[in-house]
Number of protein chains: 2
Amino acid sequence: MALTIGDLSRATATKVETVRYYERIGLLPKPARTQGNYRAYGQAELGRLSFIRRARDLGFSLDQVRAMLGLSDDLACDCAGIDRIAREHLQEVERKIADLTALRRELTAVIQSCDGGTIADCRIIEALGPVAAG
Amino acid sequence: MALTIGDLSRATATKVETVRYYERIGLLPKPARTQGNYRAYGQAELGRLSFIRRARDLGFSLDQVRAMLGLSDDLACDCAGIDRIAREHLQEVERKIADLTALRRELTAVIQSCDGGTIADCRIIEALGPVAAG
DNA sequence: CTTGACCCTGTAGTTACTACAGGGACTATA
DNA sequence: TATAGTCCCTGTAGTAACTACAGGGTCAAG
């Protein structure tokens with residue numbers, strides 16, 4: 001049972017036009033077509049699209065997404081290259097987790113002070129303040 | 001000692017043009033000017049810009065950033081509204097932390113299997129797979 | 001007093017979508 | 001079996017969030 005472009009769209013909260021856009025720029029493979037010329041997808045494409053959308057939502061560029069998908073596509077080729085890419089992305093992932101954790105702490109504080117009726121001590125901007133000068 | 005636009009740019013890894021863009025769309029306040037018509041910033045603007053850039057890097061839209069900055073700007077006004085916005089953003093932050101944690105696990109696995117010489121078991125796509133159908 | 005690094009305003013280009021326009025496919029139902 | 005409604009198709013044009021010049025002014029150092 002093949003999936004339509006609308007199925008992928010609903011399952012990943014992605015506009016139909018965006019799915020076609022990803023195909024055009026080569027992020028998604030050109031799918032099989034039905035007799036009526038409709039795109040016919042399988043579970044693999046659904047998984048790939050889900051990865052793309054969620055990685056985008058985490059602030060990675062399409063080029064970075066492409067590189068991460070490459071980790072999965074280029075299996076058993078250039079291990080040194082894969083290792084380097086994975087390590088770079090791991091660093092970025094850890095930085096993002098740290099920033100989000102700081103943001104969570106400050107949002108929680110805002111909510112709590114709202115609960116208490118006072119909101120004079122909002123430090124949300126400081127949560128993502130400038131890094132120490134190099 | 002005022003900061004130049006170049007100082008802000010270097011401190012936050014932001015293009016000078018982007019700083020001026022944020023001013024144009026009202027995300028940064030119009031700063032004071034020197035005799036020579038140069039923009040003159042203080043620490044507050046540096047903090048604000050840093051917040052904007054890091055929140056953008058975490059995948060928040062400029063509108064979402066604007067709402068979060070509002071939490072800090074509108075102190076002592078509409079507590080119910082602030083609470084709602086903060087709770088919504090907290091939910092999104094927690095979802096992102098969960099996704100990034102899954103991504104970190106898979107990237108770590110890729111690096112480890114590379115260390116061991118085998119990379120046949122890359123599950124990075126599954127880390128951000130489709131959510132169960134509703 | 002000029003060279004180089006910085007700043008200014010403006011406009012045009014890029015990335016990553018998003019929204020039609022104009023038309024074909026398929027499903028239900030009168 | 002006609003036809004209304006919902007999907008799909010290919011284009012092209014618009015939007016959001018930058019980014020890159022062009023053409024020119026400012027300012028510290030030598």
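Chain letters run A, B, ... following the sequence lines, proteins first, then strands; residues in each count from 1.
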As an exercise, state the distance from CD1 of B:Ile125 to CZ of A:Arg48, rounded to the nearest 0.5 Å.
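Rounded to the nearest 0.5 Å, the CD1-CZ separation comes out at 5.5 Å.
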What is the distance, rounded to the nearest whole Å, between atom [atom1] of [X] and atom [atom2] of [N]?
X	N	atom1	atom2	result
A:Glu23	C:dA16	CD	P	18 Å
A:Ile5	C:dC26	CD1	C1'	17 Å
A:Asp7	C:dC26	CG	P	15 Å
A:Asp57	C:dC17	CG	P	11 Å
A:Leu8	D:dC7	CG	C1'	15 Å

Within the 4.0 Å limit for protein heavy atoms, which parts of nucleotides 17-30 of chain D are touched? Write it as a string from 5' to 3', B for base, S for sugar-phosphate only, - for none.
BBBBB---BBS---
For residues 20-28 of chain A, which side-chain N or O atoms pair as donor and acceptor with protein atoms under 3.5 Å away, sequence neighbours left out?
{"from": "A:Tyr22", "atom 1": "OH", "to": "A:Arg53", "atom 2": "NH1", "distance (Å)": "3.0"}
{"from": "A:Glu23", "atom 1": "OE1", "to": "A:Arg39", "atom 2": "NE", "distance (Å)": "2.7"}

When we call it a touch if two heavy atoms are under 4.0 Å apart, what does B:Arg33 touch: a base, just sugar-phosphate, or nothing?
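Sugar-phosphate: the residue B:Arg33, judged by heavy atoms under 4.0 Å, touches backbone atoms but no base.
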Between A:Ala86 and B:Val110, what is the shortest heavy-atom contact and its length?
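Nearest heavy atoms, A:Ala86 then B:Val110: CB-CG1, 4.0 Å.
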Can you sort out the partners of B:Ser50 under side chain to side chain donor-acceptor pair (under 3.5 Å), two or more places apart, ordered by chain and number?
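If we apply the side chain to side chain donor-acceptor pair (under 3.5 Å) test to B:Ser50, skipping adjacent residues, there are no hits.
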Please name the residue in the list B:Leu8, B:Leu46, B:Leu49 that meets the side-chain contact (heavy atoms from CB on, under 4.5 Å) test with A:Pro130.
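So the option named by the test is B:Leu46.
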Donor-acceptor pair, side chain of B:Glu45 and main chain of B:Gly42, under 3.5 angstrom:
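Yes: the side chain of B:Glu45 pairs with the backbone of B:Gly42.
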Is there a side-chain contact between B:Arg39 and the phosphate of C:dC7, meaning an N or O under 4.0 Å from OP1 or OP2?
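Checking B:Arg39 against C:dC7: no side-chain N or O falls below 4.0 Å of OP1 or OP2.
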